[in-house]
Amino acid sequence: MPVTAEGSVQTVHVHPRARDYPGSFLDGVIPQEAELTCGTRIEPGKSYGFFTDTTLCIGCKACEVACKEWNALPADQIGFTGMSYDNTGGLSANTWRHVAFIEKRGPTGTRQTDQAAFQSGWLMMSDVCKHCHNAPCLEACPTGALFRTEFDTVVVQQDICNGCGYCVPACPFGVVDLNPLDGKAHKCTLCYDRLKGGLEPACAKACPTDSIQFGEVPVLQARAEARVEQLQQLGVAGAHLYGAPEGEGATGGLGHLNAFFLLTERPETYGLPPAPTRPANRVAPGLLAGLATMAGLAVTALALLGGRR
Amino acid sequence: MRDAPGPGPDYDGPTYYDRPSLKPAPFNTTVVGGYIFLAGLAGTAQMLAALAHRARPRGFRRVARTGHALSLLAPTLGASLLIYDLHTPQRFANMLRIFRRTSPMSIGTWVLMAFSGSSIATVAGDWLGRVPGLRWLRPVGRAAELPAAVSGAALGTYTAALLSATSTPLWAAAPRALAVRFGASSVASACAALSLAERQADNHRTARDLDTIALAALGVELAASLACRRRWRALGLHAAEDTPAGAVLMHGGADLVGTAVPMTLHAAALAAPPAASRRGSALGSLAILAGSLCLRIGVLETGDATALRPRESLGFAQPKNLPRR
């Protein structure tokens with residue numbers, strides 16, 4: 001058992017059901033394994049998501065690897081981007097978790113050389129599909145390939161997608177991407193197959209610091225609020241949530257993000273839009289303005305055509 | 001950092017290593033731009049055909065017939081371009097699985113279906129209505145004129161809503177102005193095509209009427225173009241000004257060739273006697289058609305550019321730009 005700095009023994013929480021599986025090798029999948037790994041029972045009809053606490057991220061990229069392994073996704077690019085430790089670059093059709101690395105800069109724009117002990121000069125953040133409450137990709141999809149699952153997540157059905165590509169510009173976060181090889185749209189499924197089998201999503205299970213936490217969205221939201229308060233008290237003034245209901249990142253009618261984040265800097269620093277909007281809100285204004293124009297010009301045309309005798 | 005000509009300076013906050021925060025639409029801009037142009041032309045030609053038929057059934061018979069024929073561009077070439085642009089084209093029929101009112105692409109699919117069906121009926125009435133045994137096609141064609149005209153009006157402008165209902169900054173910034181611009185450009189292009197056909201048949205008086213409508217539409221388009229430009233500048237979206245596509249297609253193509261030149265030529269042609277104005281009018285009509293195509297490809301190209309520029313996309317997604325409730 002780990003010993004804390006004060007010398008008292010800290011008890012490690014072990015789910016009572018874990019004692020039923022003492023062996024290293026199992027015959028099959030443990031029923032509701034997520035209950036043992038993250039204390040969450042996965043049941044259809046409930047809302048599941050990720051809370052990604054960037055203050056805990058150490059940039060190990062285990063989430064990226066676990067995601068690629070479970071979902072059998074090929075490498076996107078092999079080589080160096082030439083910036084920071086981020087050689088992944090961003091989310092794409094084949095990369096559904098992306099760890100961003102931002103080196104903090106001093107006021108003059110140069111690297112900070114003086115830092116308090118044990119403070120990191122790096123911000124690290126594991127980005128992922130936000131599984132928006134009002135998901136713009138889903139609302140844009142003309143085939144119904146994108147749908148909302150029984151776990152309140154947003155998934156592309158690969159056997160239906162016809163590669164029209166409309167979900168790609170619809171996404172306010174630049175997440176959805178087309179794979180030119182198979183001509184279909186791809187993005188994080190929040191491990192739909194694992195959820196069906198009672199397993200915690202691969203990235204969250206692999207995360208060694210619990211920077212990525214999987215669970216029921218209301219539970220995660222409450223936990224995140226408490227974490228922000230704790231960090232504020234510890235002096236992390238910039239700690240705030242991105243994607244909480246109607247808050248930053250969930251503006252303009254998006255509702256809330258099922259995969260939300262705790263950030264310590266402005267969202268733009270991580271490449272996230274501070275005030276995204278729901279594109280479907282622009283359908284009616286566009287259509288009505290267009291039809292009004294047509295009606296106006298039609299009346300003009302009728303007057304001109306009918307006027308001459 | 002350059003100062004924006006509109007209110008407020010451009011975004012100069014942080015970005016993630018200047019990497020894009022959005023993904024551009026994976027559309028082939030020429031193919032999709034071509035479809036938007038053809039849909040606008042075909043849809044509005046059908047609308048004008050119905051209006052001409054309503055105004056003077058006898059006098060404008062040829063205009064109506066040409067309009068019906070032009071409408072076939074949408075179900076044939078237009079639909080082919082759409083299917084060609086799919087990345088899994090053999091699944092094009094999956095578009096017909098559902099109707100989704102939040103998706104202008106879904107709305108547009110059904111508008112195109114309705115338009116195609118009713119347009120084919122109008123053409124069948126024109127072309128086959130005199131064949132013995134097929135005379136029943138004439139009343140069918142006439143009955144199809146109204147649904148064809150209404151769905152045609154929608155077809156001529158829904159593409160603007162399709163672009164606006166995305167997160168691409170340039171398209172999302174001005175939904176109303178863009179819709180007015182696309183609609184007016186569609187009307188102008190259909191008038192231009194119909195006017196060319198009337199000039200070909202030496203029917204200069206009808207061509208002049210069509211040129212007058214085109215002139216009115218170009219005036220609306222010009223106003224909408226200025227509104228778009230003002231809005232884009234105010235929001236720090238500069239791709240329409242400082243990219244090659246913006247300069248060539250938007251400034252040169254849509255504004256100069258597609259609006260200023262034909263407005264001048266048409267105005268001069270209308271001042272001259274009907275037969276003498278033939279060349280100027282024809283040239284103006286061709287310019288309208290070219291400009292209308294340039295506008296659509298230009299908007300697609302420059303929109304993609306704003307999606308790829310993090311300063312423009314992050315600057316656009318600021319709380320101050322949220323719609324007021």
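Chain letters run A, B, ... following the sequence lines, proteins first and then strands; every chain starts at 1.
- Residue contact with chain B, scored on non-hydrogen atoms closer than 4.5 Å, involves the backbone and the side chain of A/T269 alike.
- Counting all heavy atoms, side chain and backbone alike, A/T143 lies closest to A/N162 at CG2-ND2, 3.6 Å.
- Only the side chain of B/I107 comes within contact range of chain A, with heavy atoms under 4.5 Å apart.
- Residue contact with chain B, scored on non-hydrogen atoms closer than 4.5 Å, involves the backbone of A/D182 exclusively.
- Heavy-atom distances place both the backbone and the side chain of B/R176 under 4.5 Å from chain A.
- Per-residue counts of heavy-atom pairs under 4.5 Å with chain B were compared for A/A292, A/G165, A/G286, A/G183; the largest is that of A/G183.
- Of the two parts of A/L288, neither the backbone nor the side chain holds a non-hydrogen atom closer than 4.5 Å to a non-hydrogen atom of chain B.
- Ranked by non-hydrogen atom pairs under 4.5 Å with chain A, the options B/P319, B/G315, B/P14, B/S186 are led by B/P14.
- Residue B/S313 does not touch chain A at all, counting heavy-atom pairs closer than 4.5 Å.
- Within a 6.0 Å radius of CZ in B/R54, other residues, nucleotides and ligands contribute 12 heavy atoms or fewer.
- With a 4.5 Å cut-off on non-hydrogen atoms, A/T293 touches chain B through its side chain but not through its backbone.
- Residue A/M83 qualifies as enclosed at atom CE: its count of foreign heavy atoms under 6.0 Å is above 12.
- Listed options B/A160, B/P310, B/A224, B/S164 were ranked by heavy-atom pairs under 4.5 angstrom with chain A; first place goes to B/S164.
- In terms of heavy-atom pairs under 4.5 Å with chain A, the best-connected choice from B/T44, B/T109, B/L162, B/L178 is B/L162.
- Counting heavy-atom pairs closer than 4.5 Å to chain B, the top residue among A/A280, A/A100, A/A284 is A/A100.
- Neither the backbone nor the side chain of A/P136 comes within less than 4.5 Å of any heavy atom in chain B.
- Interface remark: of the candidates B/L314, B/T212, B/T157, B/T88, B/T88 forms the most heavy-atom pairs closer than 4.5 Å to chain A.
- Interface remark: A/Y270 contributes backbone atoms only to the contact with chain B (heavy atom separation under 4.5 Å).
- Looking at A/C171, only its backbone comes within 4.5 Å of chain B, counting heavy atoms on both sides.
- Ring geometry, A/W96 versus A/H186: the interplanar angle falls under 30°, so the pair is classed parallel (tilted spans 30 to 60°).
- The aromatic rings of A/H256 and A/H133 lie parallel to each other, with less than 30° between the two planes, well short of the 60° mark.
- Both the backbone and the side chain of A/C141 come within contact range of chain B, with heavy atoms under 4.5 Å apart.
- Between B/W171 and B/F27, the ring planes are parallel. Angles under 30° get that label, and only those over 60° would be called perpendicular.
- Neither the backbone nor the side chain of B/R181 comes within contact range of chain A; no heavy atom of the residue lies under 4.5 Å from a heavy atom of that chain.
- Using a 4.5 Å cut-off between heavy atoms, B/A307 does not touch chain A at all.
- Note on A/A289, A/C161, A/P142, A/A295: by heavy-atom pairs under 4.5 Å with chain B, the leading option is A/P142.
- In this structure, the side-chain contact (heavy atoms from CB on, under 4.5 Å) partners of B/L308, at least two apart in sequence or on a different chain, are B/P20, B/P24.
- When each of B/A216, B/G13, B/A172 is scored by its heavy-atom pairs under 4.5 Å with chain A, the top score falls to B/A172.
- Within a 6.0 Å sphere centred on OH of B/Y17, other residues, nucleotides and ligands contribute more than 12 heavy atoms.
- Residue A/R148 qualifies as enclosed at atom CZ: its count of foreign heavy atoms under 6.0 Å is above 12.
- Heavy atoms closer than 4.5 Å to chain A are found in the side chain of B/M47, but not in its backbone.
- Of the residues listed (A/L272, A/T95, A/V99, A/T88), the one engaging A/D127 in a side-chain contact (heavy atoms from CB on, under 4.5 Å) is A/L272, and it is the only one.
- Between the side chains of B/R296 and B/T159, no donor N or O sits under 3.5 Å from an acceptor N or O.
- For B/E301 and B/T29, the side-chain atoms include at least one donor-acceptor pair closer than 3.5 Å.
- At a 4.5 Å heavy-atom cutoff, the contact between B/V180 and chain A is made by backbone and side-chain atoms alike.
- For the 3.5 Å distance criterion, the side chains of A/S92 and A/N94 fail to qualify, holding no donor opposite an acceptor.
- A side-chain donor from one of A/D86 and B/Y16 sits under 3.5 Å from a side-chain acceptor of the other.
- Note: B/S21 leads B/S21, B/S106, B/G183 in heavy-atom pairs under 4.5 Å with chain A.
- With A/N258 contributing its side chain and A/D152 its backbone, the two residues share a donor-acceptor pair below 3.5 Å.
- Using a 4.5 Å cut-off between heavy atoms, B/F99 makes no contact with chain A at all.
- Interface check for chain B: of the options A/G90, A/A170, A/P273, the most heavy-atom pairs under 4.5 Å are formed by A/A170.
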**Message:** Set out, in order, the CA-CA distance, both residues' side-chain angles and the distance that settles salt bridge (charged side-chain N to carboxylate O under 4.0 Å, His left out) for B/R100 and A/E139, then state yes or no.
**Reply:** CA-CA 7 Å; B/R100 195 164 257 167; A/E139 293 184 330; over 6 Å; no
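- Contact of A/L291 with chain B is made through backbone and side chain together, with heavy-atom distances under 4.5 Å.
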